[in-house]
Every structure is written in structure tokens, then in C-alpha cells.
Amino acid sequence: MAVKPEEFNFAKNDQFKTAMIPGKFARAMRTCKIWQFVRFVIINLKMLVVVSKSH
Amino acid sequence: MARLVVLGGGVAGHTAATFAADWLGKDHEVVVVTPNSKWNWIPSNIWVGVGEMSKEEVTFDLAPVYEKAGITYKQAKAVSINPEGSAKKAKPFVTIEYTGQGKAGHSDEIEYDYLINATGPKLNFGATPGLGEGSNLGQHTVSVCTADHAEHASHELTKIMDKMRKGQRQKILIGTGHGMCTCQGAAFEYIFNVEHEIRKAGLRDMADIQWISNESFMGDFGMGGLHMNVGGYVVSSRIFTESLFAERGVSYITGAHVNKVEKGKVHYELLDGSMGEESFDFSMLIPPFAGVGLKAYNKAGDDITDTVFAPNGFMKVDADYSPKAYEDWKASDWPRTYQNPTYKNMFAAGIAFAPPHIISKPAKSVNGTVINPTPPRTGMPSGIIGKAVAHSICDLIKKGPDAHLHEASMAEMGAACVASAGKGWLDGQAAAMTVYPVVPDYDKYPGTGRDTDYTFGEIGLAGHWIKHILHYLFIYKAKLKPFWKVIPE
């Protein structure tokens with residue numbers, strides 16, 4: 001059975017044992033073009049709000 | 001006609017000079033003094049450092065831009081300021097030494113009515129034995145602080161990747177080269193871009209990648225960390241950062257003061273007082289920053305550098321510099337107008353102003369060595385401060401000495417930050433973050449110091465798209481192309 005990447009990383013280093021490591025779904029969504037386009041719009045809007053509050 | 005002299009042509013200086021020239025028109029003169037012939041979009045240097053961009057893509061010639069803007073350009077470094085003039089000159093002036101324009105090595109005195117000190121930092125490689133001499137990079141490590149450094153880093157990275165292809169395992173060490181460094185973000189971006197490139201080349205199994213930092217905890221970033229609104233939770237940047245390091249298999253050392261660099265080895269001291277060594281085949285260590293070493297003299301020629309500048313070489317402004325315990329630090333300690341308290345026609349912007357204290361919690365090793373990040377003052381805050389200072393000076397010139405000064409306190413301003421974790425339109429990633437305010441205000445937000453409605457972060461391809469678009473947008477703006485003024489800092 002193939003080992004999940006997060007299993008591999010948790011075992012790699014004691015420092016990583018208490019870290020939050022993304023699973024397959026979270027990793028896939030990070031580079032999913034459609035979802036990332038939605039996030040692109042949302043992040044830009046959020047940044048514009050912060051920028052407008054700072055000028 | 002009034003003359004405004006701007007020392008420095010980086011983000012703060014260039015922003016201040018170009019807005020001032022636009023607002024003042026031809027009735028007044030704006031002079032920029034910078035030792036560089038090119039403007040550098042520094043946030044993209046990390047991509048030059050991994051060979052994903054050329055030096056030419058992150059720089060452009062300043063002379064034609066300043067000519068178009070009607071700005072007098074002096075390719076020179078500022079040596080000293082005489083804010084009261086001298087026995088021979090009634091007006092205040094700056095002494096400069098040319099570095100180009102066919103006059104390299106020649107000195108000149110430039111009189112001014114108003115002065116903006118936006119020199120940026122001296123890259124103080126010399127603070128760590130073996131890291132370099134003075135402001136010059138040494139031979140054992142690489143840097144991404146300038147486009148030339150980044151190009152050199154890319155060549156060295158190529159060499160170790162070639163060794164990996166030949167089956168030689170390589171150790172990579174990236175982080176901060178001194179206990180009092182700032183700019184951990186640049187090192188953070190570089191380590192993940194290096195990891196991304198090595199993984200893309202199919203060589204990840206041949207590289208041990210290690211982070212070393214003066215931050216007392218992961219995700220401090222010189223801002224004492226931040227609590228971000230992520231997925232409905234308010235999460236410490238420590239969780240966010242440790243997650244990325246664990247995911248990418250990058251081990252880390254925190255609370256480290258690198259005290260010596262040798263060929264293939266660094267020596268460091270940790271907050272618990274223990275000493276350690278770390279070997280490397282390739283290392284990029286950010287140097288600490290210091291003021292550029294400007295001197296100041298009064299009318300009689302006496303040295304008044306201590307009056308104008310803080311001991312670290314940064315210019316004193318309207319901050320509260322009185323020594324206080326960490327518990328007594330206030331958001332109101334931070335400057336609002338960036339006006340020098342002694343000489344009201346002098347201002348400082350960007351890295352050049354002296355912060356009242358650090359932002360992170362102060363830390364010393366049990367041996368007494370100070371190991372804590374110094375406050376970041378780059379990027380968006382630099383641009384906003386540069387513009388506010390230019391606005392104040394334009395009003396002083398046009399409306400008179402009683403004009404209201406514009407304010408841009410880092411304790412009331414937010415910042416958007418996009419930290420690349422690998423370049424690629426389809427497979428790149430970056431951490432997109434906003435923080436509000438930059439300097440925490442525990443009176444307003446007693447728990448986290450910041451407004452969690454406006455402090456968030458997430459990692460993904462969208463962040464990379466934003467960082468890559470910002471690269472083109474800010475270079476477009478800096479070149480003063482049509483509608484440059486509508487692009488925010």
C-alpha cells in the first residue's frame with residue numbers, strides 16, 4: 001500500500017510531529033486552477049480593503 | 001524655487017521623489033541622490049536567485065525615468081549632512097560622492113530646503129566574521145539582497161544541482177546570518193523557491209535543506225508573529241509556518257545567532273546559551289542591516305551625528321525613543337510624520353528611519369547575546385511612508401511652515417505581503433498575507449495586538465499569481481508609465 005505523503009513527513013523529523021500537514025485534498029486545492037481563481041479574486045479584494053485602510 | 005533632496009532611490013525614496021516631482025511641478029526642484037544606476041524590484045530577487053528570472057527583468061535604468069519626471073539625478077552616495085549649513089554656506093547641504101555619470105570619486109555639496117533620508121540599509125555583512133567585510137558579501141555564502149548577489153546565488157545553486165545529478169548529496173542552509181537580522185521573509189521565500197526548483201528537477205532526495213533563523217519561534221518574521229484568520233480559526237503564524245516546513249521536509253533551527261562563518265560551516269549560539277555548528281554545501285544567509293553611516297555636522301563643523309541619528313545609524317524621527325520595558329511599549333511610540341525632531345526640514349522614510357524599539361519580544365541568550373529580529377520596514381509600509389513624507393513636504397513648500405503634516409504610523413497601517421514558495425503559473429505557490437496593523441496595538445486588540453478581521457493568510461497558486469502580477473505592476477508604476485499614480489503602494 002502506498003504511504004501517504006503526510007505519513008512520510010510526520011515520520012521524517014521530530015519537529016514535524018506536532019505540525020499541521022496538509023492532506024491530499026488540501027494540497028490538490030492549492031493548485032486547483034478553478035478554486036485558485038476564486039481565491040485569487042477573494043484575496044485581492046481582502047488586500048484592497050487593507051490597502052485602502054492604510055492610505 | 002524650493003529644492004527637495006531625496007537620498008536613496010529604493011521603494012521609499014523613489015516613491016517620495018516621483019510623487020513630489022509630480023505634485024510640485026516645474027516651480028520647484030527635486031533631486032535624487034542614489035549610488036545605483038538602476039532601480040531594483042527587490043521582492044523578485046529571489047526568483048533571480050533560483051534562475052527563474054534574469055537580472056534585467058528585475059531592474060531598469062533610473063536616468064531616463066528621472067529625466068521624464070523632471071527630477072535631477074545624481075548617481076552618488078551621500079556622505080554627510082550639514083543641516084545648519086557651514087561657515088561658508090548659509091543653507092543646509094548634503095555632501096555627496098559620485099559613483100557614476102563620469103564623475104566617480106568626485107565630491108559635491110548639494111544645498112537643500114527639504115531633505116528626505118531614504119537611503120535604505122547598509123548590508124552589514126561585516127557584523128558576522130566570515131559573512132563578509134563591511135557591506136561586501138564574503139566568499140563562503142550567497143545573498144539575494146541585490147540583483148547582482150541573486151545572479152551569483154543562481155550560479156552557485158546551479159553548481160550544487162549539477163553535483164546532485166552526479167549523485168552527490170548536498171546540504172543547503174538558508175536563513176539569517178546574525179542574531180539581529182531583519183528580512184526573514186526574503187530568506188523564507190528563497191528557501192522554498194530553492195526547494196521548489198530542486199523538487200522540480202527531480203533532485204529532492206539528494207538535498208538536505210535546513211533553515212536557521214534568529215526568530216525565537218517560527219513565523220515571528222520580526223513582527224512578533226501574527227494571528228491570522230484561517231478557515232474560521234484565529235491561528236498563530238507559528239502553526240502556519242511550521243506546517244509549510246513540515247510539508248516540504250525542511251528542518252529548522254530558531255533563536256540562533258550566527259557568530260562565525262567558515263568555508264562550508266557556520267557556528268551559532270542559541271537562546272539557551274548552547275553553541276552549535278552546521279555544515280553546508282550551499283548557504284544563503286541574510287546580513288543584518290545598519291544605517292549607511294551618514295555623518296552630520298553643525299554650522300561650526302562639530303560632529304552632531306548623535307543628535308540626528310540613533311546609534312544604529314538610522315535617522316531619528318518623531319518616535320518615542322525613551323528606554324522602556326517591553327510591557328510598557330505602546331503603538332503610540334511609533335512615528336507618525338517621520339520628521340526629524342531637531343531639524344524640521346529633514347524627514348526619513350523606509351528603512352532609514354530609526355524605529356523606537358523592536359516589534360518582537362526582546363530576547364537574549366543566557367550568555368547575554370541579543371538574539372531577536374529587528375522590525376521590518378520594507379515593501380508596502382516603505383512606499384506609504386515615502387508618499388506621506390513627500391505629501392507633507394509639498395504642503396510645507398506650497399502652503400507654508402504651518403501646513404499640516406501627513407501621517408503614516410506603522411501602528412495604524414496594514415500591509416499586504418506575498419511570500420513566494422515556488423515560481424510557476426500552474427504549479428507555483430505563495431503565502432498571501434495581510435496584517436493590520438503592522439505594529440501590534442494591544443490597547444485596541446488586547447489578545448493578538450491586531451485586527452483579525454483584516455489579518456489573514458493562505459497558501460496556494462493564487463498567491464503566486466498575485467506576486468507575479470505585482471512584479472509587473474510595481475515595475476510599471478516605478479517606470480512612471482500611464483496611470484502609475486492610481487496603483488497603490
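Sequence lines set the chain letters: A, B, ... in the order given, protein chains first and strands last, and positions in each chain run from 1.
- Using a 4.5 Å cut-off between heavy atoms, A:K12 contacts chain B through its side chain alone, with no backbone atom that close.
- Within a 6.0 Å radius of CD1 in A:I34, no more than 12 heavy atoms belonging to other residues, nucleotides or ligands are found.
- Proximity to chain A is limited to the backbone of B:R248, based on heavy atoms less than 4.5 angstrom apart.
- Residues B:A432 and A:I43 approach most closely at CB-CG2, 3.9 Å, considering heavy atoms.
- Among the candidates B:S409, B:G249, B:A388, the residue making the largest number of heavy-atom pairs closer than 4.5 Å to chain A is B:G249.
- Contacts of B:L470 with chain A are absent, with no heavy-atom separation under 4.5 Å from either backbone or side chain.
- Within 6.0 Å of NZ on A:K17 lie no more than 12 heavy atoms contributed by other residues, nucleotides or ligands.
- Heavy-atom pairs under 4.5 Å with chain A were tallied for B:E242, B:Q429, B:E407; the largest tally goes to B:Q429.
- Top candidate by heavy-atom pairs under 4.5 Å with chain A, chosen from B:V435, B:D427, B:I239, B:I384, is B:I384.
- The part of B:M380 that comes within reach of chain A is its side chain, from C-beta onward, which places non-hydrogen atoms under 4.5 angstrom from that chain.
- With B:E247 contributing its side chain and A:I21 its backbone, the two residues share no donor-acceptor pair below 3.5 Å.
- Here B:I459 contributes atom CD1 and A:R27 contributes atom CZ; the two are 12.5 Å apart, rounded to the nearest 0.5 Å.
- By the 6.0 Å contact criterion, CZ on A:F37 is open, its count of non-hydrogen atoms from other residues, nucleotides or ligands being 12 or less.
- Proximity to chain A is limited to the backbone of B:V250, based on heavy atoms less than 4.5 angstrom apart.
- To the nearest 0.5 Å, atom CD of residue B:E458 and atom CD of residue A:Q36 are 7.0 Å apart.
- Annotation for A:V51 and B:P488: closest pair CG1-CB, 3.6 Å, computed over non-hydrogen atoms.
- Under the side-chain contact (heavy atoms from CB on, under 4.5 Å) rule, B:L461 has a single partner from A:R30, A:K33, A:M29, which is A:K33.
- Between atom CG of residue A:N44 and atom CD1 of residue B:I466 there is a gap of 4.5 Å, rounded to the nearest 0.5 Å.
- B:V438 does not touch chain A: none of its heavy atoms, backbone or side chain, sits under 4.5 Å away.
- Looking at B:Y454, the atoms closer than 4.5 Å to chain A (heavy atoms on both sides) sit in the backbone and in the side chain alike.
- B:T434 contributes atom OG1, which lies 11.0 Å from atom NZ of A:K53 (distance to the nearest 0.5 angstrom).
- Remark: side-chain polar atoms of A:Q15 are paired, donor with acceptor, to backbone N or O of B:Y252 under 3.5 angstrom.
- Here the straight-line distance linking atom CG of A:N13 with atom CZ of B:F245 works out to 12.0 Å at 0.5 Å rounding.
- With a 4.5 Å cut-off on non-hydrogen atoms, A:V49 touches chain B through its side chain but not through its backbone.
- Here the OG-CG distance, from B:S243 to A:N9, works out to 10.0 Å after rounding to the nearest 0.5 Å.
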